[in-house]
Amino acid sequence: MTRFFIMILLSGLVFAEDAKSKKPNILWLFCDDMAVNAIGAYGSRFAEMNMTKNIDGLAREGMRFDKTYVCNSVCAPSRAALLTGKHSHKNGKYGNVEKFNHDQMQFQKLIGKGGYQSALFGKTHLQGEIQGFDHWETLPGHGKYINPALLTAEGKVNHEGHSSDVITNRALEWYNEKRDKDKPFMLMVHYKAPHRAWIPAPRFVEKFKDTVFPEPKTLFDDYKTRDMAVQHSMGIREHMNLEKDLKTNIWEHRKYLLNKDLSKEELTRQKYQAYMRDYFACVAGVDENVGRLLDQLKADGIDDNTIVMFSSDQGFYLGEHGWFDKRWMYEESFRTPYIVKWPGVTKPGSVNTDLCQNIDFAETFLDIAGVEAPSDMQGESLVPLFEGETPKDWRKSLYYHYYMEGHGVTMHDGVSTGDYKLIKFYGKKAKGKDHWEFYDLKNDPAEMNNLYNNPEMASKIKEMKEEYTSIRDYYEVPDERVVMVKRDKSKKNKK
Ligand SMILES: [Ca+2]
């Protein structure tokens, strides 16, 4: 009896030693257009509504990153930056239309050297066949919300159900049945939700029907001091499509719109509520599926040796400035959520405020896997930050560059130190001239006051212009303007 007990004790010790020396698994959870403000853990105006309990749980048990940003706030370029660890001008993916060069180096082509098996499920938005993953099942283009097809190495496979459920089901099938259980894994789960046109799974359609969502303070922004923002075409009132976006009966709504008693403000408010109902019904679907994946790790007893990271391809406007969509270098779209739970490494409930960017993710994955990152990747490993040890020479500013002309957002680039932001608009709407904006983020976090013409700010602006030149040099941004590939409207974008 005693001998039996000792044996159990010894095997327990061996197991504990094994777990310690074993490389950690990585579960990467990635959304499309998930606003920082949508996540309760970030303490937004929706936080008390408790709509993201599984994602919030990750922040409670791990580290919340408050200053993680993207380099180009639109779907495909963000994914290219994620895989290559490079800004758009280095990976060649400037917008959503031109082809991505899959032959270039990407982290997943190297992570196997560290003994990892890799798999990706869901949205990549990078036309052409993805390379380097041991297993992949990806949505063609944007993919469909309901009954999506997935591209695989063997061809296209049709699935039934909502995309968030299908993507999770496929990931779980690989996890349970196809992976090599003796190797660590890098599992990437890329949801389409909550991208426009915000179609939830049927079980969530009615979830928020009686909910009144709090409005942002800037819902009725008049864009005073911001010439470029005036020209937007992502206004909830003016540009949100009634039929496709808000799924209303268009004829009934037309009658409604013709009602002269309805003020512009009231129309904005009603459309905002309808938008939030669908957006959060999609978020609820993601959160539930995040819970399913976390439960599985726990049930298998490997949650202690699995790093879970949650992020999005960029932020989104949930009515701030009267908008939906992304693209701008303003905080709501420039910033993205990032939460990391690494048991034994990230301190539970901790918050990091260092400047991080989506070009850092590739090098972070490689660092975890013990694989050296190629010297031309442009990010930094975030592993020291997970350990609570910010390197002394950590970056002091971030570079951003948007190359498209979409939703009334003209081409622009800029630099942010977290406290100050300088933006240079130079695209069509700037009419051939450089048009600058400058924000004091500490005193004006909502970016309502462009202070570029304020003489009191002159020396700070000069300093930020020097920073702008220096960061462009550092990342080797060419001076030549990029001519964007236009979408061929004669063909349907099938892939
Ligand atoms: Ca997106």
Side-chain angles (χ1 to χ4, degrees), residues 28-39 52 55 68-84 87-88 91 93-98 100 120-127 130 138-145 148 163-164 167 188-200 232-234 239-241 244-245 275 278-280 282-283 285-287 290 309-320 323-339 357-359 361 400-409 484 487 493 495:
W28 171 257
L29 304 165
F30 201 52
C31 294
D32 196 318
D33 298 354
M34 179 72 89
V36 170
N37 282 337
I39 296 165
T52 49
I55 301 165
T68 299
Y69 293 84
V70 297
C71 60
N72 181 357
S73 181
V74 73
C75 298
S78 174
R79 288 146 208 279
L82 165 69
L83 300 180
T84 63
H87 277 280
S88 309
N91 66 43
K93 188 69 180 145
Y94 297 97
N96 279 340
V97 178
E98 72 282 333
F100 174 69
L120 185 149
F121 295 86
K123 185 170 171 180
T124 65
H125 208 178
L126 299 171
Q127 300 91 330
I130 196 150
T138 58
L139 292 168
H142 273 298
K144 285 185 185 168
Y145 260 119
S163 72
S164 297
I167 290 165
M188 305 183 89
V189 184
H190 284 205
Y191 295 109
K192 170 186 172 65
H195 191 277
R196 192 183 188 185
W198 316 292
I199 300 170
H232 70 83
S233 56
M234 55 172 83
H239 304 108
M240 195 166 261
N241 180 298
K244 284 188 182 157
D245 290 335
Y275 164 37
D278 287 346
Y279 185 90
F280 277 102
C282 286
V283 171
V286 170
D287 192 68
V290 166
M309 297 189 191
F310 177 90
S311 192
S312 172
D313 62 348
Q314 76 275 314
F316 211 68
Y317 294 92
L318 303 180
E320 295 86 0
W323 295 336
F324 62 98
D325 212 70
K326 50 236 180 187
R327 301 161 201 274
W328 303 99
M329 197 190 167
Y330 304 135
E331 290 295 286
E332 290 86 352
S333 45
F334 179 28
R335 197 174 160 218
T336 198
Y338 184 46
I339 299 169
Q357 200 161 29
N358 57 348
I359 54 168
F361 296 142
Y400 179 84
H401 203 148
Y402 172 73
Y403 295 85
M404 293 172 76
E405 291 282 344
H407 280 270
V409 184
M484 291 299 302
R487 195 180 298 277
N493 184 22
K495 199 172 171 184

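Counting starts at 1 for both ligands and their atoms, in listed order. All residue numbers refer to positions in the sequence shown, counting from 1.
- Of all N, O or S atoms in Asp313, the one lying closest to the Ca ion (ligand 1) is OD2.
- Checked against Trp328 for a ring pair (Phe, Tyr, Trp, His ring centres under 6.0 Å), the options Phe334, Trp323, Tyr400 give a single hit: Trp323.
- Here Gln314 meets the criterion, with an N, O or S atom under 3.0 Å of the Ca ion (ligand 1).
- Remark: of the listed residues Asp313, Asp33, Asp32, Asp32 is the sole one forming a salt bridge (Lys or Arg N to Asp or Glu O under 4.0 Å) with Lys123.
- Between Tyr403 and Tyr94, the ring planes are perpendicular. Angles over 60° get that label, and only those under 30° would be called parallel.
- Here the options are Tyr317, Trp198, Phe280, the test is ring pair (Phe, Tyr, Trp, His ring centres under 6.0 Å), and the partner is Tyr275; only Trp198 passes.
- Among the heteroatoms counted here (N, O or S) of Asp33, OD1 is the one nearest to the Ca ion (ligand 1).
- The aromatic rings of His142 and His195 lie tilted to each other, with the angle between the two planes from 30° to 60°.
- Residue side and main chain included, His195 places no N/O/S atom under 3.0 Å of the Ca ion (ligand 1).
- Within Asp32, the N, O or S atom lying nearest to the Ca ion (ligand 1) carries the name OD1.
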